[in-house]
Amino acid sequence: MAQLILNHLTKDFGAKGPGEGGPAVSDVSLTLRKQGFLALLGPSGCGKTTVLRMIAGFEQPTDGSIEFGECRLSDAVRVLPPEKRNMAMVFQSYALWPHMTVAENVGYPLKVRRISGEAWRSRVAEALSLVRLTAYADRRPSALSGGQRQRVALARCLVQQPDIVLLDEPLANLDQHLRKAMEETFRAFHERSSATMIYVTHDQAEAMALATDVAVMSEGKLLQVAPPADIYARPEGRVVGSLIGRGAIVRLRLPEKAGRQLDWPLLQAALAGRRSGHGHAGEGPLSDVLIRPEQVHPDSGGMPMRVLSSVFEGERSALTLALPDGQSLKAYSNKAFCHGTEVPFVISGGWRL
Amino acid sequence: MAQLILNHLTKDFGAKGPGEGGPAVSDVSLTLRKQGFLALLGPSGCGKTTVLRMIAGFEQPTDGSIEFGECRLSDAVRVLPPEKRNMAMVFQSYALWPHMTVAENVGYPLKVRRISGEAWRSRVAEALSLVRLTAYADRRPSALSGGQRQRVALARCLVQQPDIVLLDEPLANLDQHLRKAMEETFRAFHERSSATMIYVTHDQAEAMALATDVAVMSEGKLLQVAPPADIYARPEGRVVGSLIGRGAIVRLRLPEKAGRQLDWPLLQAALAGRRSGHGHAGEGPLSDVLIRPEQVHPDSGGMPMRVLSSVFEGERSALTLALPDGQSLKAYSNKAFCHGTEVPFVISGGWRL
Amino acid sequence: ESLVLYTSQPNEDAQATVDAFEAANPGVEVEWVREGTTKIMAKLMAEIEAGNPVADVLLIADTVTMQRLKEAGQLMPYKSPEASAFEASLFDPDGTYYSTKMITTGIIYNTSAAMKPAGWEDLAKPEAKGLVTMPSPLTSGAALIHAQTLAGIGALGWDYYEALAENGATAAGGNGGVLKSVATGEKAYGMVVDFMAIREKAKGAPVEFVFPAEGVSAVTEPVAILRTAKNPDAAKKFVDFLLSEEGQQVAVTMGYIPARNGLALPEGFPAREVVKVLPVDAAAAVKNSDADLKTFSGIFGTN
Amino acid sequence: MSGVGEPAWLLAFVCGAVFLLSVLPLIHLGWAGLKGLEGGEAASVLLEAATFAALRNTLVAAAGGMVISLVVGALFAFVVALTDIRGKLALSFAFMLPMMIPPQVTALAWVEMSGPSSPLLKTLGLAPPLGSPQPLYSLAGIALLLGVQHAPLVFLAIKAGLATHPRDGVEAARLSGASPWRVFRDIVLPLACPALIAGGAIAFISGIGNFGIPAILGIPASIETLPTLIFAKFASFGSSTFGEIAVLSTIIASISAGGLLLQQRALKGRDYRLIGLTGARAAFTLGRLRIAVETLLWGTLALVLVAPLLALVASSLVPAYGVPLTLHTVSLQAYGEVLFRQTVTLTALKNSVFLASAAAVGLLVIALPAGYLLAARRGRVANLLAILIEIPYALPGIVLAVAFILAFAAPLPVIGVSIYGTIWIILAAYLSSFFAVSLKPVMSAFLQMDPSLEEAARLAGAGFLRRMRDVLLPLVAPAAGASVILVFLIAANELTVSALLWSAGTQTLGVAIFNLDDSGSSNLASALSVLVVAVVIGLMATLEVLAKYLPEGVLPWRN
Ligand SMILES: Nc1ncnc2c1ncn2[C@@H]1O[C@H](COP(=O)(O)OP(=O)(O)OP(=O)(O)O)[C@@H](O)[C@H]1O
Ligand SMILES: Nc1ncnc2c1ncn2[C@@H]1O[C@H](COP(=O)(O)OP(=O)(O)OP(=O)(O)O)[C@@H](O)[C@H]1O
Ligand SMILES: [Mg+2]
Ligand SMILES: [Mg+2]
């Protein structure tokens, strides 16, 4: 299997709304490792779907090119038609064919490849059972629930043996159990098929759990590509820092020589130093520091912080804490706190962005 | 504001697929507290959308009725037309009007209510800024990304002053930052408008954070309704137990007199008892016990369990552990474990379903 | 005073007739509707059926239809003082309808045709094989009367039509269709009403018209007052005018052979003596029309 | 459409309209027919061989015509809507014009074009000898011309349907590995099915009721169809005529009802509603094929439009039939005559433009709720309504006109005024006759609409009329536009209905042209036809100029 290479990929839809400039995708360069599983993250409207559509061949890049191994798939002049690309995609809008039953929808890619009869039936049945829709094989898409439609789109994608699989928020409308099961399915599919997979999602846990690499986009630009653990631990810049994980970003004066990985003494000094306006830690230039909620623990030896809000989330409560200087932090706690109480917290680590 | 009452609500689409019986919604009775915020959870295809559609008046119940205060909205004979109900809804499929711009889409409910001119403009602008789409006011929906479309649908819902707001997975396609911001918006909207809100979601943290009550459905039936903390701590039955939160359900022999809230000594005894086949704890009837991952901690004094898998999720790893008798548990851990290692764990609590 | 006229005259003729009448009878205003005989009759019959016929006066192509209306009791008898100047065969003895002009059917041929026909028999000759067309009695009232007339001549009879059919003649639409196909050279010979061919020739079309030696059939464009007429007085004035010398002169100027004795034929026509008009018995024609239509259809395969 | 609660008055409104426009005249016709049947003679028409032959010919010609219309119309619609050929605007614009040329004229032009005196064939030296048989005088010829005449109906119906096609569905199929041709066969074609079926049905029904073409092409070859047979019955008016007409009309009505039931059967069990946002339209690139396709389309257009139109222009420039068009003979005198001397021309033009616009807009007002209702509730009542709407269109114009005279010649009850003899009866008859034409595209658009779009409007508080105006109408705008243009074009030239219903001052263009032609002034008739075509082109061009003020997608020749 070959490598997928995006080369200064740019797409400008031309029709710009008032007040917003710039192309939908601009200058994205990315080399996917062979048989990689790339998770594509980014805020709504940042150009994820557009990237996938260019890879699939539905949109022509305004600039740049897409290569797959030796073969140039798209550039601003020529586009290899989608049907010659052997890719599969789950559309954000599902793109089910209303005139076909569920089984026909799922089995269409096979039919096109002249697979019929028993082979067709068994592969369709298998795909449908993967998404738990065996009983719905003969329904029309219009008589399905939203999640069921999404699963049909998934099954249609999984039934094929593509070189590249494009998944555009394929699990957004599924409950968490199905989601976990589908994650397993993807993993298995990926291992078995050795296809390159690109996965757009808003669920970070999902992205981290599945991907070999995570790419973060914002406003059409690619900001960082790294393996999940890397990108979580060492995000580059404010945008990636705030996009990945739930952390809070605080601005602190840190000594120039301090590394990027910060520990409690340093942070405490910086926080304290800043408050008082003197001392060595509080004298450097202002830096953005990412502090993740799981790094903030209640500890009697800590620094007192005021609880601004405490929101129940099931397994725990999400706290918003006010630092003495008014900046806010996030933390988790197993017990709820009353609004306004002062509680001592320790920050076990931070990351300078 | 009046109470919304669902009364033995049933909907049968008639056209059943082969191999599945029963109506889409069957015998759902529910009284929403005044100005309540109900989160509706359940696996894909369980009938959530159908319930919302019946409340909105798009589907006629096959049986049962819907009342709002004194006024009967729907029963199997008569249906008050949706346009007379003063409700707002975010459709799972968005249902944006392709021939109107974003602003026109959002402002249409106002236009129908004869609000125009400056008032119209300012309210539309406000709703658009809530969903961060101010710059897109003059676009057509077809030139928007999936998440942007969803936000238009949201804005269209928030612009009104309805008695009842129906939200069908309104945040499924948004990234987590927007999601948090929207949660805040919902909270504020709910407080300000004192509307009754019904919220379908697959994101439990969202549900728990927002709702005053959580209702769980499965296969068309309503299984449990309770405040978030209650339903998380004390789910009724296997189905709700497995749907709410991520816990694992294990079968243990427990003494009859043991309460439902179980502690480590009891659990330890039950686990051990079962293994050896004697002792008082292992002698009762087999019960389903829900053990949540946050209740499972590594502890040198614990019981050794084998790590079946460890999946990186960003802030932590999700572990699957095998109990000595082969049943599996879930746990979280800040550090990754290798597959196959035996680690001692303590189970700090459990809930008999 | 007003008057409603239903007519199947061509547009310009109808307008000319009405104009002349209005000039002669100031104060009477004529509203007229013009359509092909079939349509105007369909309209009238439907009105009668609905109980509210609008027309006062009917001026249509053939006596057969008038006879039919008379037998159905739809016509009002009126003895016009002008009738004395007409031959008795040209009006109904009961005074329900009066012929106003004679439209004969003769032979038209394209000037590029090899043979110049002189009589009906010529159309059955081998030279004319496949080159003859005629209006279908199913479409045109005049055509039916023409067929009945020719069939009534001992020397011709239905045998003549059989010979024509054998010779590849077709029975096509109305007179307009025949004129077109001959003028455009699609066919070389046709049976057609006189004035159409003569007018067209005058405009420069490559056609000639012949009054065959055996004689020609004629429809006489009768006028009648409806029993239900709402303006009987004006209607009577109209009938009188049409039959009067003045009225007949109008027909001549329009290019028709007048029905009234003692008037010259219009330009382009031979002398009156050359035109031998074969008589037709309207009552018998009505009686036999169904049978004759069937015979005709049988011969020409119009199933 | 959500099954729940369309307003109660909707059914009443639609039933009322159908009753007035369709049932009432038909009842009168039936009643007159029953009286005619009393003698027992008329019923025998059923057993005549001629009736069977005419029935067979009608079916064959209409079916053949339908196939040709479908092939030609669908080809144009698909190519124009879905591919990247150039000059789409001009192509679609031109393709609708053949409908503007009265069928008799088209038929004559074709006869002339392929006959011995064909200027084209003469120049090419291919003209058949004088008197050679005319190949168009055959069932095949009738079918061919019916097909050509009605192809724009199919074209518009399909093009409107394609306007809502989802792009992602096509993309998904291509990504599945399907070639463009395969995508067309598996996705585009099935999704266009409601429109295809609607277009086919309307072409078929048009073919059944058509009189002009079989009259000119069939009668010379002794080929009778039901309309020409009915015309012949009228020609030999007798006591049993109404009975026979009623019997023959019943046969036509049964054919059209049968056709409609077939159509409903074909659509049954298929759900074509699109889900979600349909987005931009799909586009196929033709690549090297493009030139070939363009040539094919323009060639076809030359045949079906340019040739008859040229024939028309030519005959308007010479004084009589058969006069060759030379520098010597050419004259514009006919135009001067119809424009400045014939007062009836302007009256007729005014009347026809009024009638056509009023019928087109009026029918939209009726067809929208009717289409909505019929798409929302399927079942017996809907089927019955649909059949009743179809029958007046299927009946030959002369029969419908007679039915209207029977129904409205007497003063109306209660108000005591008669609309007979006024322009209103023609309008009423047009509404009745073209209801089916107007309904077809609108209804197939409703059948395809994502119901949640309407639901969202309902929840926003919009009552039926409000959401019809704000949401439904714009969503079906392409179909509504097609429907308005279709009715306008057909009505502007209508002949047989108005021929019986006009009276002084209410002549229509069709009547004026026919009368001119009938009275031997073929050059005037041609000149007037040319003027009509020019006026309509002018009107369409005006719309084109105003396009940016019109709702998106209503102009069917635009993409
Ligand atoms: N029009 C219909 N005809 C027949 N069955 C239907 C129809 N609409 C929905 N259903 C069925 O009813 C059941 C409930 O559907 P519903 O849309 O309410 O599910 P849901 O809980 O909203 O699921 P999801 O989370 O996937 O959106 C599903 O099994 C679905 O297949
Ligand atoms: N057809 C179009 N015309 C103009 N602009 C478009 C078009 N399609 C998308 N855009 C714009 O391009 C940008 C990127 O869109 P894209 O669909 O790629 O976003 P996305 O990252 O997939 O977002 P989401 O998570 O909301 O689906 C958006 O701002 C969108 O408004
Ligand atoms: Mg997207
Ligand atoms: Mg749903």
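Given the structure is predicted, the values throughout are model-derived calculations rather than measurements. Only this structure's heavy atoms are used, side chains among them; waters, hydrogens and symmetry mates stay out. Below, chains carry the letters A, B, ... as their sequence lines are ordered, and counting in each starts from 1.
Counting only N and O atoms by type, the side chains of Arg151(B) and Ser44(A) include a donor and acceptor under 3.5 Å apart.
Proximity to chain A (any heavy atom under 4.5 Å) is shown, for Gln148(B), by both the backbone and the side chain. Using a 4.5 Å cut-off between heavy atoms, Lys180(A) contacts chain B through its side chain alone, with no backbone atom that close. Neither the backbone nor the side chain of Thr50(A) has a heavy atom closer than 4.5 Å to any heavy atom of chain B. Proximity to chain A (any heavy atom under 4.5 Å) is shown, for Arg132(B), by neither the backbone nor the side chain. Of the two parts of Phe91(A), neither the backbone nor the side chain holds a non-hydrogen atom closer than 4.5 Å to a non-hydrogen atom of chain B.
For the pair Arg316(B) and Tyr332(B), the cation sits on the ring face: its NZ or CZ lies under 6.0 Å from the ring centre, inside 45° of the axis. A cation-pi arrangement is not found for Arg187(A) relative to Phe37(A), the charged atom failing to lie both closer than 6.0 Å to the ring centre and inside a 45° cone about the ring normal.
With hydrogens and angles disregarded, no donor-acceptor distance shorter than 3.5 Å links the side chain of Gln295(A) to the backbone of Ser348(A). In this structure, Arg53(A) contributes its side chain and Phe58(A) its backbone to no donor-acceptor pair below 3.5 Å.
Most heavy-atom pairs under 4.5 Å with chain A: of the set Leu174(B), Leu171(B), Val311(B), Thr49(B), this distinction falls to Leu174(B). Top candidate by heavy-atom pairs under 4.5 Å with chain A, chosen from Ile244(B), Asn173(B), Leu178(B), is Asn173(B). The choice from Gln204(A), Arg292(A), Glu206(A), Lys48(A) that makes the most heavy-atom pairs within less than 4.5 Å of chain B is Gln204(A). Most heavy-atom pairs under 4.5 Å with chain A: of the set Ala207(B), Gly146(B), Ser317(B), Cys46(B), this distinction falls to Gly146(B).
Relative orientation of the Tyr199(A) and Phe186(A) rings is perpendicular, given thresholds of 30° and 60° on the angle between their planes.
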Open item on the list: salt bridge (Lys or Arg N to Asp or Glu O under 4.0 Å), that's the test. Do Asp203(B) and Arg179(B) meet it? Break it down for me.
Closed with: CA-CA 10 Å; Asp203(B) 183 328; Arg179(B) 241 169 151 127; 3.5 Å; yes
